[in-house]
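Structure, as structure tokens:
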Number of protein chains: 2
Amino acid sequence: MRGENAPPSWARLPGARCRAVEHLTKLEGLKEFELFEGIDEGFFQALAISAEVLELGAGTALYREGEPSGAVYFVREGRAKLYRSVGGPKARDQILGVVGDGSVLGLGAALEGRPQSHGATALTDCVLYAVFRDDLFDVMGRFPAGAVRLNRVLAARARELEDLVGDLVFRSAPQRVARMLLNLATEEGRVTKRGVVFEPSLSRQEMAEATGISREALSRALSRLAQEDILDLDGKTITILQPAELRSRT
Amino acid sequence: MRGENAPPSWARLPGARCRAVEHLTKLEGLKEFELFEGIDEGFFQALAISAEVLELGAGTALYREGEPSGAVYFVREGRAKLYRSVGGPKARDQILGVVGDGSVLGLGAALEGRPQSHGATALTDCVLYAVFRDDLFDVMGRFPAGAVRLNRVLAARARELEDLVGDLVFRSAPQRVARMLLNLATEEGRVTKRGVVFEPSLSRQEMAEATGISREALSRALSRLAQEDILDLDGKTITILQPAELRSRT
DNA sequence: CTGGTGATTTGATCCAGATCACGCAGCGCG
DNA sequence: CGCGCTGCGTGATCTGGATCAAATCACCAG
């Protein structure tokens, strides 16, 4: 049925597996998306009928840059990174953004009918609803109100990318590190009396890629902040001891 | 600002002036937008009724970063730059993109109902169709097929921004200069037997801002290319003598 | 405990590109 | 005319962060 489409990369990956789930479950999950608040019931049903539930193990790729768009993915649970790569001798990645539940992946490529402009990989175990392009267009045609809402996803992405460009161009490495930490903290941190504690879903390497600097530079920036008692580094967990001070270094 | 419709900045700017134009003219103009190919006639009429024709002199600002979204602008003629700024002692701009006719400005902010995330300024004299937010939402509600098309604009913008991030992070200054020249050439160049000739709509300063480097570095990069007979610089006009060579420096 | 493998830190250089400083050309204007 | 102003080119420094090199740490299998 979807024979013309090359199988999306998740279908070929060991970490991913499809699960049969009853209809109602999926429908309920979709209704939780803030994005679709106030949208007609029929839209959810139509989407739910088309959706495949997808469990993606941490670290497995959902799609890669340049790959033809097979589907869009509604993130129900977990966190994923979007990134760009360069090959060649000195291969590198740049993280474009980290998205959590309630977001949508692969939408731009699906709507434009062009190859993916970035790769997407699960940072934690994820639960996604995959909707194939054909089905998406079908549902969009039948429930335009829902389709129009999808605009917001792209508007938000564009805004975030503009922010990223601004950071890369205008701010120094230490400033970007500070911002990255604050972002991670608001996403993943628990507030305690010592400060904001979290165990980042990003490795040091990935933090560097998100910040647009080398792993070594990131390491140095962190140690520096620890030395100044703004951070506490203990194994994998990071505590922001002086959030205000960190913010002032932005 | 007072009320929900604070006057958009163009209304306060000397270079801008509104023109009374008959209905049919505007409608014809809108139908030329490739973006809306195949869309129902009613959509154009509804948009045309709401649209104001706006003439914007070269160099005048359409909207600024942080300003509340008043309207969206359909670019009928001319070229405009989108940019980010930092204030402070060492104020700088970074050009996020240059758009020409057939594109739409200010859409993200309008849809999100948030302040503009970037500024927009005319590079050349422009003719725009301005549609106020309220009117836009009204038309989108009545003609969802057209509304859904708008997401292509945002998808394209997001893709372009991803490209920009990739360039900034992965490529060296000379490589970015080469790309910028090639982009300008395809947009604005005439092919002659000597090579591709154009008189850029961007000043040197702006070329530097688009490339993410200093004016001096841009100047040097250009002279270098001229020295190697890849470019010819003559006053304001640039001729790309060896497009292939330039492309290989990407 | 022992060795191995990968991630992280630390330390020591290097260099692309920013910054600073200056000269020069055009251009409107009293 | 001379004056200031803005935009552009070019040379001379300076430096943030990349890169190279090596040590340390964490974790696991045996």
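Given the structure is predicted, the values throughout are model-derived calculations rather than measurements. Every chain is numbered from 1, with letters handed out A, B, ... down the list of sequences.
Scanning both residues, B/Gly57 and B/Ala122, for their nearest heavy atoms gives O-CB, 3.7 Å. Taking each heavy atom of A/Leu168 and A/Arg176 in turn, the nearest pair found is O-NH1, 3.7 Å.
What separates CZ of B/Arg92 from C1' of C/dG17 is a distance of 11 Å, to the nearest Å. For the pair A/Gln175 CD and D/dG17 P, the interatomic distance rounds to 9 Å; values are reported in whole Å. Across the protein-nucleic acid pair, B/Lys90 atom NZ and C/dC20 atom C1' stand 15 Å apart, rounded to whole Å. Between A/Arg224 atom CZ and D/dG16 atom P there is a gap of 11 Å when expressed in whole angstrom units. At whole-Å resolution of the value, CG in A/Leu233 and P in D/dC25 are 15 Å apart. Taking atom CD of A/Gln94 as the reference point, atom C1' of D/dA18 lies 15 Å away to the nearest angstrom. Between A/Leu168 atom CG and D/dG17 atom P there is a gap of 12 Å when expressed in whole angstrom units. The CZ atom of A/Arg176 sits 14 Å away from the P atom of D/dG16 (whole-angstrom rounding).
For A/Ser219, counting side-chain heavy atoms from C-beta on, the closest listed nucleotide (D/dA18, C/dA18, C/dT10) is C/dT10. Of the candidate nucleotides C/dT9, C/dG11, C/dT19, C/dT19 has the atom nearest to the side chain of B/Arg220. In the set D/dG17, D/dT19, D/dT10, the nucleotide with an atom closest to the side chain of A/Glu216 is D/dT19. If you check D/dG9, C/dT9, D/dT19 against the side chain of B/Arg204, the one that comes closest is D/dG9. Side chain of B/Arg215, nearest nucleotide from D/dG9, C/dT19, C/dT8: D/dG9.
Using cut-offs of 30° and 60° on the angle between ring planes, the pair A/Phe74 and A/Phe33 is perpendicular.
In terms of position on DNA chain D, the residue among B/Lys236 and A/Ser172 whose nearest nucleotide sits closer to the 5' end is B/Lys236. The nearest heavy atom of DNA chain D to B/Ser203 and to A/Ala173 marks one nucleotide each, and the one closer to the 5' end goes with B/Ser203.
A close approach under 4.0 Å does occur between a side-chain nitrogen or oxygen of B/Ser223 and OP1 or OP2 of D/dT10.
In this model, no side-chain donor or acceptor of B/Gln205 finds a partner on the base of D/dC8 within 3.5 Å.
Salt bridge status for B/Asp232 with B/Arg194: present, with a side-chain N to carboxylate O gap under 4.0 Å.
Within the model, atoms CG of A/Leu105 and SG of A/Cys126 stand 8.0 Å from one another, a figure rounded to the nearest 0.5 Å.
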